[in-house]
Undergrad: 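I'd like to ask you about the structure that follows.
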Amino acid sequence: MSRTTDRRGSRDGSPRVVVVDDSPFMRGLIADLLTDAGVAVVGEAGDGAEALSVVAETRPDVVTMDVEMPGMGGLEAVERLMDETPTPVLMLSAHTDEGAEVTFEALERGAVDFFSKPGGEVSTGVSRESERLVEAVRSVAGADLAAATRDRRENAATASAGGSAETPASTGGSTAATAADLDEPLTVVIGASTGGPNAVERVMSALPMADCRIVIVQHMPEAFTPRFADRLDAASAYDVREASDGARIGAGEAMVARGGSHTRIDSYRAGRLRVKLDEDDSQSVSPAADVTMRSAAEVVDDPLVGVVLTGMGSDAADGIRAMADAGARTIAQSEDTCVIYGMPKRAVETGGVDEVADLDDVAGAIVGGEA
């Protein structure tokens with residue numbers, strides 16, 4: 001198996017990548033797809049141990065890391081990499097429930113984002129998703145690694161000080177997850193992408209129980225959103241579940257938009273939301289925060305809050321503008337605490353954002369501002 005290669009050309013400004021996969025076929029396929037898009041593949045590795053050596057030697061901008069490998073697997077490799085040669089990592093995971101669980105653990109250990117491989121661990125299906133793969137690699141290359149690994153560093157500091165290591169969900173925010181009194185029912189729509197799973201979990205864990213219903217739109221494949229909802233349910237005071245067509249949520253409940261479809265707020269009566277799932281090929285991502293936010297602006301007549309967290313692209317910009325025009329309070333995560341300052345930046349540029357808040361202050365901003 002090849003280690004450092006540099007035989008593959010790149011265009012100016014393109015990221016330098018190390019490809020890690022135990023299958024020589026998959027390494028070659030992924031490397032060729034990236035090379036064809038002008039991305040430089042400067043090294044390859046067949047397991048986690050070799051990956052550590054190749055990364056230390058080549059100092060790439062991004063590592064694509066397979067999860068399941070003999071010897072040192074992807075999870076241990078990510079953790080070791082963050083300790084020894086911190087480098088943005090894009091996990092390549094199976095499009096399965098088990099793959100989702102392992103992927104979330106990789107994100108906790110410091111990976112920036114993930115790419116779900118269609119068709120299984122070894123499959124040419126990746127070729128059909130080459131544009132998405134290249135986009136993910138370029139996105140991860142631009143990530144703020146300090147923001148992506150903050151939870152892990154805080155947990156390590158807690159453990160070294162004699163405390164118990166915590167999950168990202170249980171690390172402190174500025175708002176204790178206790179009951180809060182609101183003058184009126186509150187509806188919250190949260191949009192996020194790259195870096196979002198940990199950011200959303202952190203916000204939800206800090207959000208106090210209140211007369212509040214929450215819809216979360218995280219860019220994520222369908223196989224992953226049920227597990228994401230389960231994690232948020234365990235991490236927060238709210239009853240969280242994945243969206244289903246016609247589902248209703250009330251006070252103290254939250255819903256995660258299902259991957260592969262859009263979640264529209266169809267009606268709002270007596271403090272309860274009803275959602276409708278549909279597919280709209282005109283959107284660049286699915287689920288799209290724009291769809292959910294615009295529908296909330298049209299339907300909800302009680303106090304409304306829109307939140308844009310870390311992520312690449314412009315999704316949520318139109319939605320947050322529509323919410324602001326409808327009288328909602330709007331919040332964007334600060335650049336300093338974003339893994340990718342793309343979605344929040346675009347939202348701010350619309351002029352529709354009332355408040356820019358550090359991640360640990362978002363929960364307090366949601367319930368603390370005047371409705």
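All values derive from a computational prediction rather than experimental measurement.
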Undergrad: Closest heavy-atom contact between Phe224 and Ser93?
TA: CZ-OG, 3.5 Å
Undergrad: For the atom pair CZ (Phe115) and CG (Leu90), what is the distance rounded to the nearest 0.5 Å?
TA: 8.0 Å
Undergrad: Judged by modelled atom types alone, do Thr225 and Glu242 share a side-chain donor-acceptor pair under 3.5 Å?
TA: yes
Undergrad: Please round to the nearest 0.5 Å and tell me the distance separating atom OG of Ser116 and atom CD of Glu222.
TA: 11.0 Å
Undergrad: Any side-chain heavy-atom pair from Leu309 and Val200 closer than 4.5 angstrom?
TA: yes
Undergrad: Please determine, by modelled atom types, if Asp358 and Thr337 share a side-chain donor-acceptor pair under 3.5 angstrom.
TA: no
Undergrad: If you count the non-hydrogen atoms of other residues, nucleotides and ligands that lie under 6.0 Å from CG in Asp325, is the total more than 12?
TA: yes
Undergrad: Would a 4.5 Å heavy-atom cut-off, applied to side chains only, mark Ser286 and Glu279 as touching?
TA: no
Undergrad: For residues Cys338 and Pro344, determine if any side-chain heavy atom of one lies less than 4.5 Å from a side-chain heavy atom of the other.
TA: yes
Undergrad: Is any side-chain heavy atom of Pro303 closer than 4.5 Å to a side-chain heavy atom of Thr187?
TA: no
Undergrad: Between Arg227 and Glu101, does any side-chain N to carboxylate O distance fall below 4.0 Å?
TA: yes
Undergrad: Please name the residue in the list Lys276, Arg248, Arg274 that meets the side chain to side chain donor-acceptor pair (under 3.5 Å) test with Asp266.
TA: Arg274
Undergrad: Can you tell whether the side chains of Asp360 and Arg150 come within less than 4.0 Å, N to carboxylate O?
TA: yes
Undergrad: Please report the shortest heavy-atom distance between Val42 and Pro60, naming the atom on each side.
TA: CG2-CB, 4.2 Å
Undergrad: Could you go step by step and tell me if Val89 and Val62 meet the side chain to side chain contact (heavy atoms under 4.5 Å, CB included) rule?
TA: CA-CA 6 Å; Val89 173; Val62 185; over 6 Å; no
Undergrad: What's the spacing between Leu81 CG and Thr87 OG1 if we round to 0.5 Å?
TA: 4.5 Å
Undergrad: Tell me, do Val240 and Phe228 make a side-chain contact under 4.5 Å, heavy atoms counted?
TA: no
Undergrad: Run Val353 and Val308 through side chain to side chain contact (heavy atoms under 4.5 Å, CB included) and show every step you take.
TA: CA-CA 9 Å; Val353 171; Val308 186; 5.8 Å; no
Undergrad: Under a 4.0 Å N-O cut-off, is there an ion pair linking Glu135 with Arg138?
TA: no
Undergrad: Is it possible for you to say whether Val291 and Ile320 belong to one hydrophobic cluster, with membership spreading through side-chain heavy-atom contacts below 4.5 Å?
TA: no
Undergrad: Would Leu359 and Val217 show up in the same hydrophobic cluster when neighbours are defined by side-chain heavy atoms closer than 4.5 Å?
TA: no
Undergrad: Does Leu52 form a side chain to side chain contact (heavy atoms under 4.5 Å, CB included) with Thr85? I'd like the steps, not just the answer.
TA: CA-CA 8 Å; Leu52 297 178; Thr85 316; over 6 Å; no
Undergrad: Which pair of non-hydrogen atoms, one from Ala363 and one from Val203, has the smallest distance, and what is that distance?
TA: CB-O, 3.8 Å
Undergrad: Using side-chain heavy atoms (C-beta onward) and a distance below 4.5 Å, is Arg264 in contact with Asp278?
TA: yes
Undergrad: Within this structure, what is the CG-CD1 distance for the pair Leu304 and Ile265, rounded to the nearest 0.5 Å?
TA: 7.5 Å
Undergrad: Before you tell me yes or no, could you show the steps for Arg213 and Glu253 under salt bridge (Lys or Arg N to Asp or Glu O under 4.0 Å), namely the whole-Å CA-CA distance, both residues' side-chain angles and the distance that decides it to 0.1 Å?
TA: CA-CA 5 Å; Arg213 66 274 313 124; Glu253 297 178 331; over 6 Å; no
Undergrad: Would you say the side chain of Val189 lies within less than 4.5 Å of the side chain of Val305, judging by non-hydrogen atoms?
TA: no
Undergrad: Quick one: side-chain hydrogen bond (donor to acceptor under 3.5 Å, both in side chains) pairs with a partner in residues 292-308, sequence neighbours left out?
TA: Tyr268-Asp302
Undergrad: Looking at every non-hydrogen atom in both residues, tell me the closest pair between Val54 and Ala45 and how far apart they are.
TA: CG2-CB, 4.4 Å
Undergrad: For residues Ile214 and Met220: do they belong to one hydrophobic cluster (side chain heavy atoms under 4.5 Å, members Ile, Leu, Val, Met, Phe, Trp, Tyr)?
TA: yes
Undergrad: Can you check salt bridge (Lys or Arg N to Asp or Glu O under 4.0 Å) on Arg16 and Asp61, steps first, answer last?
TA: CA-CA 5 Å; Arg16 302 169 66 255; Asp61 301 304; 5.2 Å; no
Undergrad: Heavy atoms, side chains only, cut-off 4.5 Å: are Val20 and Asp66 in contact?
TA: no
Undergrad: Show the nearest heavy-atom pair for residues Leu273 and Val300, with the distance to one decimal.
TA: CD2-CG2, 3.9 Å
Undergrad: Would you mind checking if Glu201 and Arg231 are paired as a salt bridge, meaning a charged N to carboxylate O distance below 4.0 Å?
TA: yes
Undergrad: Can you spot which of Asp113, Asp315, Thr194 makes a side chain to side chain donor-acceptor pair (under 3.5 Å) with His219?
TA: Asp315
Undergrad: Which pair of heavy atoms, one from Tyr238 and one from Ala210, lies closest together, and at what distance?
TA: OH-N, 3.3 Å
